[in-house]
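A short worksheet on the structure shown next.
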Amino acid sequence: MGRWGIVTLAAVAAVATACSPSAADDATGDETTTSTTRTPRITDDSGRPPVTFDPCYDIPDDVMNAAGYDAAKKELADMPMGTYTFLGCLYKNDDYFPGVSRGFGLNILAGNVTLEEEAQKNGHISEPASINGRAALLRVDPSASLACTYVLETNFGIVIFDRLYHSDSVTRPPIEVWCDGFEELVASIEPFLS
């Protein structure tokens with residue numbers, strides 16, 4: 001697993017264990033005052049560009065709610081790594097269809113590593129993609145159970161959209177359905193990126 005993959009797993013663990021609902025409430029309360037010129041919540045000492053897109057602050061709640069994710073329950077996490085930074089936000093879609101699907105977990109990470117660095121680390125499980133004309137990678141790792149990932153290039157680095165399909169069946173859904181409908185969601189968020 002590449003370093004960014006470890007970051008993604010660490011982010012999910014950090015979000016799930018270290019964030020409180022009050023942090024998400026704070027993110028929701030500040031939405032009317034956010035802009036792309038806001039000072040980043042955290043910075044690092046790497047000399048890399050500051051992360052100017054915050055997934056919990058800069059994606060309008062109505063966009064996520066319309067996609068089936070309860071924005072009122074989003075959870076944020078700060079991940080200063082010294083040599084790079086990731087700002088993360090976890091969203092849940094708990095749509096329940098007995099015998100078909102339990103829903104999705106969506107982790108969005110904005111980081112100041114480059115798309116080229118991501119391709120070097122995870123190129124063996126990624127393919128070039130484009131979302132609304134923006135350079136991207138699509139990563140579907142057969143060894144990462146039911147995960148579909150889009151990585152989009154930004155002016156500060158990348159934004160990773162990592163969706164986990166929660167199956168409600170004893171049989172594993174085929175890899176071909178892991179990304180169903182996900183490109184449309186990522187495309188609806190792309191205009192808000194830096």
Which heavy atom in [X] sits nearest to a heavy atom in [Y], and how many Å separate them?
{"X": "N132", "Y": "P191", "result": "ND2-CD, 4.0 Å"}
{"X": "I158", "Y": "L115", "result": "CG2-N, 3.5 Å"}
{"X": "I131", "Y": "A136", "result": "CG1-CB, 4.3 Å"}

Quick one: salt bridge (Lys or Arg N to Asp or Glu O under 4.0 Å) partners of E190, sequence neighbours excluded?
-> R134

Find out whether [X] and [Y] are in side-chain contact, i.e. whether some heavy atom of one side chain is under 4.5 Å from a heavy atom of the other.
{"X": "L164", "Y": "W178", "answer": "no"}
{"X": "L137", "Y": "E118", "answer": "yes"}
{"X": "N112", "Y": "P50", "answer": "no"}
{"X": "V113", "Y": "F86", "answer": "yes"}

Is it the case that R163 places NZ or CZ above or below the six-membered ring of F104, under 6.0 angstrom from the centre and within 45 degrees of the axis?
->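 Judged by the rule (NZ or CZ under 6.0 Å from the ring centre, within 45° of its axis), R163 counts as positioned above F104.
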
Residue of the set [options] for which side chain to side chain contact (heavy atoms under 4.5 Å, CB included) holds with [X]:
{"X": "P55", "options": "L193, I108, L109", "value": "I108"}
{"X": "F192", "options": "V159, V63, D58", "value": "V63"}
{"X": "L138", "options": "P128, S126, C148", "value": "C148"}

Under a 4.5 Å side-chain heavy-atom rule over Ile, Leu, Val, Met, Phe, Trp and Tyr, are V151 and I125 clustered together?
->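 No, no single cluster joins them.
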
Would Y91 and I59 satisfy side chain to side chain contact (heavy atoms under 4.5 Å, CB included), going step by step from the backbone distance to the final call?
-> CA-CA 11 Å; Y91 293 89; I59 301 172; 4.2 Å; yes

Between D70 and N93, does a side chain to side chain contact (heavy atoms under 4.5 Å, CB included) hold up when you go through it step by step?
-> CA-CA 7 Å; D70 187 349; N93 174 322; over 6 Å; no

Mind checking the [atom1]-[atom2] spacing from [X] to [Y]? Nearest 0.5 Å is all I need.
{"X": "Y69", "Y": "K74", "atom1": "OH", "atom2": "NZ", "value": "14.5 Å"}
{"X": "K92", "Y": "N107", "atom1": "NZ", "atom2": "CG", "value": "11.5 Å"}
{"X": "C89", "Y": "M64", "atom1": "SG", "atom2": "CE", "value": "7.5 Å"}

Does the distance from a Lys or Arg side-chain N to an Asp or Glu carboxylate O, for R139 and D162, drop under 4.0 Å?
->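 Not counted as a salt bridge, because no side-chain N and carboxylate O are separated by less than 4.0 Å.
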
Does K121 pair with E116 as a salt bridge, N-O distance under 4.0 Å?
->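 No, this pair does not count.
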
Evaluate the criterion side chain to side chain contact (heavy atoms under 4.5 Å, CB included) for residue pair V186 and L152; output intermediate values, then yes/no.
-> CA-CA 9 Å; V186 175; L152 277 61; 3.7 Å; yes

Just do the ring pair (Phe, Tyr, Trp, His ring centres under 6.0 Å) check on F53 and F156 with the steps written out, would you?
-> CA-CA 9 Å; F53 173 78; F156 59 80; 7.1 Å; no

Tell me, with the steps shown, if C179 and V140 meet side chain to side chain contact (heavy atoms under 4.5 Å, CB included).
-> CA-CA 8 Å; C179 294; V140 181; 3.6 Å; yes

